[in-house]
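This report refers to the structure that appears directly beneath it.
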Amino acid sequence: MENGQMKIGVLTSGGDAPGMNAAIRGVVRTALNKGCKVIGIHKGYIGLINGDITEFSSKDVSDIMNRGGTILHTARCPEMMTEAGITRAAAIYNILGLDGLVVIGGDGSFRGCKALAERGANVIGIPGTIDLDIACTEYTIGFDTAVNTGLDAVRRLRDTSSSHERCSVVEMMGRDAGYIAMWCAVAGGAEEVLVPENKGTVTDDMVIEQILMNRSRGKRHNLVVVAEGVGGTVKLAKKIQDITGIQTRATVLGHLQRGGTPSAVDCMHASMMGYLAAMDIIEGKKNRIIAYNRGRYESLDLNEALSMTKKMDDEYYNVVKLLSI
Ligand code: ADP
């Protein structure tokens, strides 16, 4: 607090995600509207450790909602995983005189929030990751845009693999989680999907057997979705071609899925979550994670939120199989 005026910090950390800019705008405009100062911290935790900051005006966040990436830039910061780094980050938080810090990022970034909270900082997390792999929330900013990018690729690949009667194997991002791949498989009508969550249960041999069965039933093209966390996409494509004799092509989408104009869903959640995070600080709430569950936004206790676990519903895979006959 400076002369009775609250000071709110905001940073983006970890992997970038479409919609992070809309979340920054939500935080900045809410805080300014309520008479607070807003400090933007560049490049995630390393910017906090180095005191790499700028004060935000309302105009600084004009025309950013429709842009992917993050105007604050983001980084992975190994220093934050050390005692010295965390202590320094907490010290800079105090020197800046912040009443609260909004961290927009994934579960790694939230572990950084916990470390800062344990050293007296007030930290509010906004789930920003394309991977949807944060247990305490049903939605993470960036997921919808990344799925739509993946689905667009699936549809294009389906056109060409259908024309040439080929098999397409397409790899989706998602780190250790298979949500993007699974959604693209269900929504894109894939014949098979390999995700970390069904690793060991669904094998390469089962995929090949399915393709052979599809051919015997007269199906002339096949689409197989593979999650980044399973990998081996090029090897799998070669194995399918070698064993079945069906021409098979591998496509790895990679970082294409991180960029692009954020969808309406992402801009909506990001704006709401940015607003709610700023309001938590203004209302004196401490150490929270903003979440979206069962159709409602929630502000959860940081420690409780980080102790939650979630599991992918088996039904998704069953639906891929049922609908791909
Ligand atoms: P994401 O936030 O997208 O999951 P990362 O897992 O790479 O991305 O985490 C982003 C950053 O969060 C890391 O580079 C590090 O600075 C910080 N972080 C991750 N884990 C911890 C931890 N256990 N303690 C403190 N900071 C952490």
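Just so you know, ligand 1 is whichever comes first in the structure, and atom 1 is the first atom listed for that ligand. Quick caveat: nothing in here was measured; it's all calculated off a predicted structure.
- The shell of residues lying under 4.0 angstrom from ligand 1, judged by heavy atoms, excludes Thr129.
- Under a cut-off of 6.0 angstrom, the local environment of OH in Tyr275 is sparse, with at most 12 non-hydrogen atoms contributed by other residues, nucleotides or ligands.
- Within the model, atoms CE of Met173 and CD1 of Ile180 stand 8.0 Å from one another, a figure rounded to the nearest 0.5 Å.
- Contact of the Asp280 side chain with the Val102 side chain is not registered, since no non-hydrogen atoms from C-beta on lie closer than 4.5 Å.
- Atom 3 (O) of ligand 1 has Gly15 N, 3.2 Å as its closest protein atom, hydrogens excluded (heavy atom only).
- An N or O contact shorter than 3.5 Å is missing between Ala115 and ligand 1 by distance.
- Each of Thr70, Val10, Leu11 was scored for a side-chain contact (heavy atoms from CB on, under 4.5 Å) with Ile104, with one residue passing: Val10.
- Between Ile64 and Arg67 there is a side-chain heavy-atom pair separated by less than 4.5 Å.
- Note that CG of Leu48 and CG of Leu116 are 6.5 Å apart. Values are rounded to the nearest 0.5 Å.
- For atom 18 (N) of ligand 1, the closest non-hydrogen atom on the protein side is Gly108 O, 3.2 Å.
- Put simply, part of Arg175 is less than 4.0 Å from ligand 1, judged by heavy atoms.
- Annotation: atom 23 (N) of ligand 1 to nearest protein heavy atom, Arg111 CB, 3.6 Å.
- Remark: ligand 1 atoms within the under-4.0 Å shell around heavy atoms of Gly106 are 1 (P), 2 (O), 3 (O), 4 (O).
- The environment of CZ in Arg296 is sparse: at most 12 heavy-atom neighbours from other residues, nucleotides or ligands sit within 6.0 Å.
- When hydrophobic clusters are built by joining Ile, Leu, Val, Met, Phe, Trp and Tyr residues whose side-chain heavy atoms come closer than 4.5 Å, directly or via intermediates, Val319 is grouped together with Val147.
- Close approach of ligand 1 to Gly14 is summarised as follows: ligand atoms under 4.0 Å from at least one heavy atom of the residue are 1 (P), 2 (O), 3 (O), 8 (O), 10 (C).
- In terms of protein heavy atoms, atom 21 (C) of ligand 1 is closest to Met81 SD, 3.2 Å.
- For Arg156, the CZ atom counts as loosely surrounded, since its 6.0 Å shell holds 12 or fewer non-hydrogen atoms of other residues, nucleotides or ligands.
- The protein atom (non-hydrogen) at minimum distance from atom 7 (O) of ligand 1 is Arg76 NE, 2.4 Å.
- With hydrogens left out, the protein atom closest to atom 25 (C) of ligand 1 is Met80 O, 3.2 Å, a heavy atom.
- Set against the non-hydrogen atoms of Gly112, the atoms of ligand 1 under 4.0 Å away are 25 (C), 26 (N), 27 (C).
- Scanning all protein heavy atoms for the shortest distance to atom 11 (C) of ligand 1 gives Ser13 OG, 3.7 Å.
- What sits closest to atom 15 (C) of ligand 1 on the protein, heavy atoms only, is Cys77 O, 3.4 Å.
- The N/O atoms of Tyr45, backbone and side chain alike, include none that comes under 3.5 Å of an N/O atom in ligand 1.
- Under the 30°/60° scheme for interplanar angles, the aromatic rings of His73 and His42 are found to be tilted.
- Of all atoms in ligand 1, numbered sequentially from 1 with element shown, those under 4.0 Å from a heavy atom of Asp107 are 4 (O).
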